[in-house]
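Have a look at the structure below before the remarks.
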Amino acid sequence: MPELPEVETTRRGLLTKVIGQTILRVTVRDRRLRWPIPTNLEKLLEGRVVTGISRRGKYLLWDIEASSGGGILLCHLGMSGSLFTTRLSTPHAKHDHVDITLGNKVLVRYHDSRRFGAMLWIAGAIPSHPLLDTLGPEPLGDHFDGAHLFNASRERTVSIKEFIMNAHIVVGVGNIYASEALFAAGIRPTTPAGRVSHRRYDLLATAIQRTLARAIDAGGSSLRDYVKVNGEPGHFQLSANVYDCATKPCRVCGTLIKTIRQGQRSTYFCPHCQR
DNA sequence: CGAGAGTCCTGAAGGC
DNA sequence: TGCCTTCAGGACTCTC
């Protein structure tokens, strides 16, 4: 399940193989993702050059250059999607929905069994799109800190865990890292967001940044079906403190980790360390 | 506007 | 062995 570290790991893995390459051919086998893949995507991409790949939240943005006005290929991996490179001769497997053949004979393949992902086109060089324009700050960028969380949370009754998972507040904090960051900050996930102090939001902001940065350094998590661009699994699961650790002893105090449901999602926390 | 539920989808896992 | 149910999860969309 790709979260921000997995998406960033994917971006870095793709960079060296696609920058400066001409897209020779695009093959779409199934357009039914979260939204349909545009029927003219092949025509928009073929013959054009990839000049960069950036990331906004969990969206990957491919800069596509063209003499007659370029654009941006917007990709989201949903929760079961992956982008990986392989050889042209590799036969496609079930749920391999899109192939992008590059001039250097590298094949970029999009795989997504649950089809919650997206592949859309933004015309022009400016990454403006309804999906992007309302997003909150990047957790590892300059505009994210405890003050931002504190100010955005006043009068909010939603739980702190659901609050930090809201992409309009801050992008890239998914279910796994939300539990991990709250554990690191010692905050109970059920606490109403509006009742968390500025001091504790400072701790939480730092915890979010450290948790994500560590996961990126480790190459992303591999809790379910995530694999890196080269097909190897990530390793964050080895250092998860609470996620998927129900009834296991807390690494800090030994109290049994508890799991609850919040917003139809599983939350894990230590009843002793998090208050 | 905020909060909460519903929704898309497939595959793994567990129960009987 | 095999069917049925439950769970997993990002994030938009709808309702109140």
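What you see is a predicted model, and the numbers here were worked out from it, not measured in a lab. Every chain is numbered from 1 and lettered A, B, ... according to where its sequence line falls, protein lines coming before strand lines.
- If you take NE2 of A/His168 and P of C/dG10, they are 15 Å apart, rounded to a whole angstrom.
- Comparing the start and finish of the helix from B/dG2-C/dC16 to B/dC16-C/dG2, five pairs each, the helix axis swings through 50°, to the nearest 10 degrees.
- Between the A/Arg188 side chain and the A/Pro271 main chain, a donor and an acceptor come within less than 3.5 Å of each other.
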Pair A/Arg115-A/His97, side-chain contact (heavy atoms from CB on, under 4.5 Å): steps then yes or no: CA-CA 9 Å; A/Arg115 304 209 311 270; A/His97 303 312; 3.6 Å; yes
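- Distances shorter than 4.0 Å separate some side-chain N or O of A/Tyr59 from OP1 or OP2 on C/dC12.
- Between the CG atom of A/Leu120 and the P atom of C/dC12 there is a distance of 12 Å, given to the nearest Å.
- A/Val26 pairs with exactly one of A/Asp99, A/Leu45, A/Leu73 by the side chain to side chain contact (heavy atoms under 4.5 Å, CB included) rule, that one being A/Leu45.
- The main-chain N or O of A/Cys270 is found under 3.5 Å from a side-chain atom of A/Gln274 such that the two form a donor-acceptor pair.
- Across the protein-nucleic acid pair, A/Arg265 atom CZ and C/dA11 atom P stand 8 Å apart, rounded to whole Å.
- With A/Glu42 as the fixed residue, the salt bridge (Lys or Arg N to Asp or Glu O under 4.0 Å) test singles out one of A/Arg48, A/Arg25, A/Arg31: A/Arg31.
- As rounded to whole Å, 10 Å separates atom P of C/dA11 from atom CG of A/Asn166.
- Within the cation-pi definition used here (under 6.0 Å to the ring centroid, within 45° of the axis), A/Arg199 does not qualify as a partner of A/Tyr201.
- Atom CG in A/Asp244 sits about 14 Å away from atom P in C/dC7, given to the nearest Å.
- One interatomic measurement links the two molecules: CD1 of A/Ile176 to C1' of C/dG10, which rounds to 12 Å at whole-angstrom precision.
- The side chain to side chain contact (heavy atoms under 4.5 Å, CB included) test with A/Tyr110 singles out one residue from A/Leu77, A/Asp96, A/Ile100, and that residue is A/Leu77.
- When atom types are taken as modelled, the side chain of A/His148 and the backbone of A/Ile169 share a donor-acceptor pair closer than 3.5 angstrom.
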Letter per nucleotide, 5' to 3', of nucleotides 2-12 of chain B [B base touched, S only sugar-phosphate touched, - untouched; heavy atoms, 4.0 Å]: SS-BB-BBBS-
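- Atom-to-atom, CD1 of A/Ile260 to P of C/dA8 comes out at 13 Å; the value is rounded to the nearest Å.
- Using a 4.0 Å cut-off between charged nitrogen and carboxylate oxygen, A/Glu138 and A/Arg56 count as a salt-bridge pair.
- Here C/dG10 presents its C1' atom at 14 Å from CG of A/Leu74, a figure rounded to the nearest Å.
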